[in-house]
Amino acid sequence: MIFLTLEHILTHISFSVVSIGILIHLMDLLVDEFVGLYASSKKGMRTAFFCITGLLVTRWIYSGHLPLSDLYESLIFLSWGFAIIHMVPYLKKKKKNYLNIITAPSIFFTQAFATSGFLTNLHRSEVLVPALQSRWLMMHVSMMVLGYAALLCGSLLSVALLVITFYKIIRTLDSAKSNNLLSSSFSFGKSQYMTKKNNVFKNTSFLSSRNYYRSQLIQQLDQWGYRIISIGFIFLTIGILSGAVWANEAWGSYWNWDPKETWAFITWAIFVIYFHIRTNKNSDECFNSAIVASMGFLIIWICYFGVNLLGLGLHSYGSFTLTSN
């Protein structure tokens, strides 16, 4: 009873602190004058990280196994993975790091769904089914969930890169149209032309600085996304290999083309394509690889959540309809 109460308290504290942290992040982006906002957000997210860690440790103690046996526990572990990625940039002691704009909402939505009424029946810890009573549970599932967390963050950075790139293209087209209108209005008089020419020079200078800032931001997003996806891909590969060994022990075959296994392989293949595109020395490699990573974002959720939602195959433990006996 004490552990259940402690888990309940830590869950609500972490969710509340993350919610406040997101509001502080938004205020910090909109209002640069308040220097203390970033420090407050930093302390708040640290508190949320330790609360989620305490939640996992508490559930581990009273359940007797690593909390990864059902969808609820894996969602909490997924939010913990997002929190780890969120904490890494703070070690560099930079004033601002826009990676936090991706990770903080990820923690919030994962925590919100895990604590929602959809998974109420899974909040109570149960005895592991025989297939999960293996030493490979910790190795396989933890690697897979941490891989999902890193790949999802990297994919979201790629989505942000695409949005900024498309916005940049639209602004460039609008600027080109305005220059064409200026050329067509030359016949109205030299004085009118000189006035508009000076305005265009001012606008061009402003747009060039904005374009330079966007180009730098696109490069940063590409580098951050590549690094995080690389780490997630390593975790995913280790998770798939350890899962194959576990499957051979449990079912007598390394690979059974189970829906979860199939989608995990598709996810792995998508990010192999991502790395292959980045090896090509092409000016558009950043844009093309971001498109592939954005596709990977949807496929990861199908692999992670879709199988549990439908309760299909050998990996349907902890789905909405399954109850452990």
Side-chain angles (χ1 to χ4, degrees), residues 6-7 9-29 34-60 66-68 73-115 138 141-160 217 220-236 238-239 297 300 304:
L6 181 60
E7 178 185 351
I9 293 173
L10 291 174
T11 300
H12 285 280
I13 291 177
S14 61
F15 181 73
S16 302
V17 172
V18 171
S19 303
I20 297 173
I22 291 177
L23 293 176
I24 294 176
H25 271 297
L26 292 176
M27 294 175 62
D28 189 35
L29 285 174
F34 296 103
V35 181
L37 288 177
Y38 183 77
S40 300
S41 175
K42 183 177 178 180
K43 294 177 181 177
M45 295 309 296
R46 281 179 177 174
T47 303
F49 172 74
F50 287 116
C51 287
I52 298 174
T53 304
L55 169 61
L56 291 173
V57 173
T58 301
R59 195 172 180 89
W60 191 349
L66 185 68
L68 285 169
E73 292 178 346
S74 66
L75 281 170
I76 297 297
F77 197 87
L78 182 65
S79 66
W80 183 71
F82 287 138
I84 292 177
I85 299 173
H86 184 92
M87 296 301 296
V88 169
Y90 290 143
L91 301 177
K92 296 182 178 181
K93 297 182 179 180
K94 292 182 179 180
K95 182 184 181 300
K96 285 188 178 182
N97 196 305
Y98 296 104
L99 175 62
N100 299 337
I101 304 173
I102 300 294
T103 53
S106 299
I107 301 171
F108 172 80
F109 287 114
T110 307
Q111 284 280 89
F113 183 76
T115 55
M138 181 184 298
V141 185
S142 63
M143 290 295 99
M144 293 297 292
V145 177
L146 289 176
Y148 291 152
L151 291 175
L152 286 171
C153 287
S155 299
L156 283 174
L157 290 173
S158 297
V159 172
L217 182 57
Q220 289 182 358
L221 291 174
D222 181 56
Q223 292 175 0
W224 292 342
Y226 175 72
R227 293 172 183 174
I228 297 175
I229 288 176
S230 299
I231 296 173
F233 184 77
I234 293 173
F235 283 141
L236 180 66
I238 296 174
F297 177 79
I300 292 170
Y304 171 70

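- Every residue meeting the side-chain hydrogen bond (donor to acceptor under 3.5 Å, both in side chains) condition with T53, not counting sequence neighbours, appears here in chain and number order: W80.
- Not a single side-chain hydrogen bond (donor to acceptor under 3.5 Å, both in side chains) links S158 to another residue, sequence neighbours left out.
- Note that CE of M144 is 5.0 Å distant from CG of L236, once rounded to the nearest 0.5 Å.
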Quick one: do I85 and I231 satisfy side chain to side chain contact (heavy atoms under 4.5 Å, CB included)? Show the steps, please.
CA-CA 11 Å; I85 299 173; I231 296 173; over 6 Å; no
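- Note that the SG atom of C51 and the CZ atom of R46 stand 14.0 Å from one another [nearest 0.5 Å].
- Legend: residues meeting ring pair (Phe, Tyr, Trp, His ring centres under 6.0 Å) with F82, ordered by chain and number and at least two apart, are absent.
- More than 12 heavy atoms of other shown residues, nucleotides or ligands fall within 6.0 angstrom of atom CZ in F49.
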Apply side chain to side chain contact (heavy atoms under 4.5 Å, CB included) to residues L152 and Y304 and explain how you reach the verdict.
CA-CA 11 Å; L152 286 171; Y304 171 70; over 6 Å; no
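- Across all their heavy atoms, E73 and R59 have their closest contact at OE2-NE, 2.6 Å.
- When the shell of 6.0 Å around CZ of F50 is examined, it contains 12 or fewer heavy atoms from other residues, nucleotides or ligands.
- Q223 contributes atom CD, which lies 11.5 Å from atom CG of L157 (distance to the nearest 0.5 angstrom).
- With rounding to the nearest 0.5 Å, the separation of CD1 in I234 from CE in M143 is 11.0 Å.
- When all heavy atoms of L146 and G81 are compared, the pair lying nearest together is CD2-CA, 4.0 Å.
- The CG atom of L156 sits 11.0 Å away from the CG atom of L151 when rounded to the nearest 0.5 Å.
- The minimum heavy-atom distance linking I228 with A150 is given by the pair CG2-O, 3.0 Å.
- Taken from OG in S142 to CZ in F235, the straight-line distance is 8.5 Å, to the nearest 0.5 Å.
- The backbone N or O of I76 lies less than 3.5 Å from a partner atom in the side chain of S79, making a donor-acceptor pair.
- In plain terms, the two heavy atoms of C153 and T103 that are nearest each other are SG-CG2, 3.8 Å.
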